[in-house]
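Chain naming here is simple, since letters A, B, ... match the order of the sequence lines and numbering starts at 1 in each.
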Number of protein chains: 2
Amino acid sequence: MLMLPLSPRESARRRLLDALRREGPMARVEIGQHLGMSPASVSELAANLLDEGILVAEDSPDQSPGLLRGRPKTRLYFAETLGSVVGVWTGFNRIELRLVDSAGRTRASRHVERPLRNLEAEELMDVLARTIAAFAEESGARDVKAVGLACQGYVDTRDGIVAWSPVLGTRDLPLASGLGQRLGKPVLMENDASAMAFAIAQRHAGLRSGRTACLMVGDGVGLGFLIQGELYRGARFGGSEFGHVRLRRSGPQCRCGGRGCIEAYLADYALHRDAQLIDHRPAPTLLLPGEEAMGAVVEQARAGNPALLNLFHAAGEVLGDAVGILIQTLEPDHIVICGPGTRAMDLLRPSFEAALESQTIPELRALATIHVMESSMDLLTEGVVMQALRELDLDLARLKAA
Amino acid sequence: MLMLPLSPRESARRRLLDALRREGPMARVEIGQHLGMSPASVSELAANLLDEGILVAEDSPDQSPGLLRGRPKTRLYFAETLGSVVGVWTGFNRIELRLVDSAGRTRASRHVERPLRNLEAEELMDVLARTIAAFAEESGARDVKAVGLACQGYVDTRDGIVAWSPVLGTRDLPLASGLGQRLGKPVLMENDASAMAFAIAQRHAGLRSGRTACLMVGDGVGLGFLIQGELYRGARFGGSEFGHVRLRRSGPQCRCGGRGCIEAYLADYALHRDAQLIDHRPAPTLLLPGEEAMGAVVEQARAGNPALLNLFHAAGEVLGDAVGILIQTLEPDHIVICGPGTRAMDLLRPSFEAALESQTIPELRALATIHVMESSMDLLTEGVVMQALRELDLDLARLKAA
DNA sequence: GGCACTTTATTCGCGGTTTGAATAAATCAA
DNA sequence: TTGATTTATTCAAACCGCGAATAAAGTGCC
């Protein structure tokens, strides 16, 4: 992914197209009010986008039920002919797929159960490429322009390299170029928590101003950090795998090889593993438990099983510590706790709040509003697809310019 | 402190003045090369600044010893008539003061030994105001335009309020307005670690690109975070008191009231206190040990005292964990460890490196280069004074515009 | 001194961008 | 048909940075 700084024009253009994807077709006035731009500027930008065939103007004006005085609005929408983008998330034993058109509307989505762990690099990329191609085929996608891929781990978004991922066996895998060659299309990569953060912020206007830290708890624990609605990019990777911050020196085993990582308490695999151990069952491998298995653990705990309650108590404490660290380091305006892990928020909350209180002063804690969202995992593909669409927009603009 | 976004012009102007303060008088060509601006733009900007009386052009051209072909450069420098700024740092029992002219050159500096802890809010502000006024007086400052004040703790830079500081007895102290009234001048506030980070980045060009996390270890442990050379601003406070991140649930007592904070291992007061306890001396209060006392502790450890070595070992481990958290959360390009605490870096290093290695994967660790700098505390006043000067520049520009 | 040469600084005009104000367009209501 | 009303476009002005041409200010050599 190219990462040049955007010219003023490009950034205005991006804001316009973002708004149109989020809100659906809008008239020029509405866009202007929405973005705080003068009608003249919107008109100018829109004229370009219409010229380029990216947008189309409504021919039959809107018949909205309000009062109908004045010249009617002509709404602008995305051209249908611009092709589509596939968004992919590679989980542990599951691949999520989504096909969207250039307007950002989902045309098809599905998931495939397929364990990816322990595959050789080449085989992995073959499987992924075949799965993506088959999905596009069966969804009747005419013209797939790009693929966006979100995955856990340390993802170098610029070069499309996965430095390490719990899902993959190998290190430093050039996944974007490997898939790109196989599919004949550009592949853009993103850390999965970053993709989730972006998708959530697209849906909640309030999270697009100031600083938003999005903590995704599920298969693992990831962090996506947004400043003014844009993903914070570190030196090389996007959202770091915050889950591998070690909070307890001699805590439980983590799948990264370390001990006492945030993940090793909070992630599904960790909770499930420790629950099994309580029942004196053989410790399972690190493969991910399904939603049913996790639901069963949560239900037993809610029923009052004291050993399980302890487990969630410890996990809540770790979550509180983690949020405390985020608050003290980033001072965000918003903290979003999301992902499947929120299913047990009721069990986590008491120790979560106690831990958070005990490590931050009230003034600091009051800074950030904490949102708990049961965001489903298919938001992930939405986030990465949105990012891919924006890159395509930019490419188109630069193509025209040259 | 007003925090409006800068117009393109204002930002160019700021870059020019920054460069001139850092590098001293420069000719227009040199400024252009330095900042990557066209000669035309520099000429235009310079003309404005000369008009406004902020800069002055050299009348007798430079006689540098190189080859003297071509039209000689006329260097630009700051007008002497623009007044000065006082920078202040309030430590535990020490006040650092610095008087600089508008060119950023230090005209006078001194420090006053004066315990500030346990003073009532009004008395504290009286003492500070008197100290500052006396310093300005005795330094022969003609025209002090503003005061920049750095202090430990949670400092709201926008409103000039100290939410909490280990130095102060009270909470939510409106220090900027209180001092401002007493002195009749605007007072700008900054967290001390932020001020240090800014000062260090002004001196090291490499730290001004990308992301730089500056960890200051001394009286306490603070964090200043820079993105492209500009201080990262959180929701309300500048650099957070990162030292109060709790790393060990049942660790030693911290002066914030908690336990196991980073500070409670690494700060001078903590190391000194624990060293005293080893010698079975009564546990001292939390007042800060002087440099001699700390030097003695370090010397004893270097001489091989095993209990003291353990102390530094534990502190190094905490430092490693802290840097690990920074790397995994912010993914900075540079990490600077600075402040008086670096005096014992040789003792900290083995456990520091081991802890860092054990909690980050190599790819991630390789991202950030770690610099250890024995930055003296009087850089603090330099940092806050620089920030104050920039605000004054901006005010002047906006005054002219209106 | 005068002329060539070299380097620095300024000026000028252009292209790109945003905006307020004026204008045009499209519709409804009476 | 006319007027009212709202939407969209056009136009002139301002701004910003820049390349190119030009002016300025010296040195060095004859």
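- Ionic pairing of B:Glu80 and B:Arg142 is not present here: no N-O contact between side-chain nitrogen and carboxylate oxygen is shorter than 4.0 angstrom.
- Rounding to the nearest 0.5 Å gives a distance of 6.0 Å between CG of A:Leu55 and CG of A:Leu20.
- When rounded to the nearest whole Å, the span between CZ of A:Arg28 and C1' of C:dA24 equals 14 Å.
- Between A:Ile31 and A:Met37, every side-chain heavy-atom pair lies at or beyond the 4.5 Å cut-off.
- Atom CE in A:Met37 sits roughly 15 Å away from atom C1' in C:dG20 (whole-Å rounding).
- Closest to the A:Pro8 side chain, of the nucleotides C:dT18, C:dA26, C:dT8, is C:dT18.
- The distance between atom CD1 of A:Ile31 and atom C1' of D:dA8, rounded to the nearest whole Å, is 12 Å.
- Between A:Arg14 and A:Glu391 there is a salt bridge, since a side-chain N of the basic residue sits under 4.0 Å from a carboxylate O of the acidic one.
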Between protein and nucleic acid, restricted to nucleotides 1-5 of chain D and to nitrogen or oxygen atoms under 3.5 Å apart, what atom pairs and distances do you find?
unit_1	atom_1	unit_2	atom_2	d
D:dT5	O2	A:Gly70	N	3.4

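- Between A:Arg105 and A:Asp101, at least one side-chain N (NZ, or NE/NH1/NH2) sits under 4.0 Å from a carboxylate O, which counts as a salt bridge.
- Of the residues near DNA chain C, B:Val29 and A:Ser7, the one whose nearest nucleotide (by heavy atom distance) lies more toward the 5' end is B:Val29.
- A side chain to side chain contact (heavy atoms under 4.5 Å, CB included) with B:His334 holds for exactly one of B:Leu367, B:Leu207, B:Ile200; it is B:Leu207.
- Of the residues in residues 9-26 of chain B, those placing a heavy atom less than 4.0 Å from an atom of DNA chain D are B:Arg9, in numerical order.
- Between A:Ser41 and C:dT17 there is no side-chain N or O to OP1 or OP2 distance below 4.0 Å.
- Atom pair A:Arg75:CZ and D:dA8:P shows a separation of 11 Å (rounding to whole Å applied).
- Note on A:Glu10 versus A:Arg390: no salt bridge recorded, every NZ/NE/NH1/NH2 to OD/OE distance being 4.0 Å or above.
- Within the 3.5 Å criterion, the main-chain N or O of B:Ala201 finds a donor-acceptor partner in the side chain of B:Arg208.
- Using a 4.0 Å cut-off between a side-chain N of Lys or Arg and a carboxylate O of Asp or Glu, B:Glu331 and B:Arg211 do not qualify as a salt bridge.
- Summarising the geometry, atom CD belonging to B:Glu230 is positioned 7.0 Å from atom CD belonging to B:Gln387; distances are rounded to the nearest 0.5 Å.
- Remark: B:Ser38 is not in phosphate contact with D:dG17, judged by side-chain N or O atoms under 4.0 Å from OP1 or OP2.
- Distance A:Leu45 CG to D:dT9 C1': 14 Å, rounded to the nearest Å.
- One atom, CD of A:Gln33, and another, C1' of D:dT6, lie 11 Å apart when rounded to the nearest Å.
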Write out a two-atom table: protein N or O, nucleotide N or O from nucleotides 10-13 of chain D, distance below 3.5 Å.
none

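- A:Arg203 CZ: 12 or fewer foreign heavy atoms inside a 6.0 Å radius.
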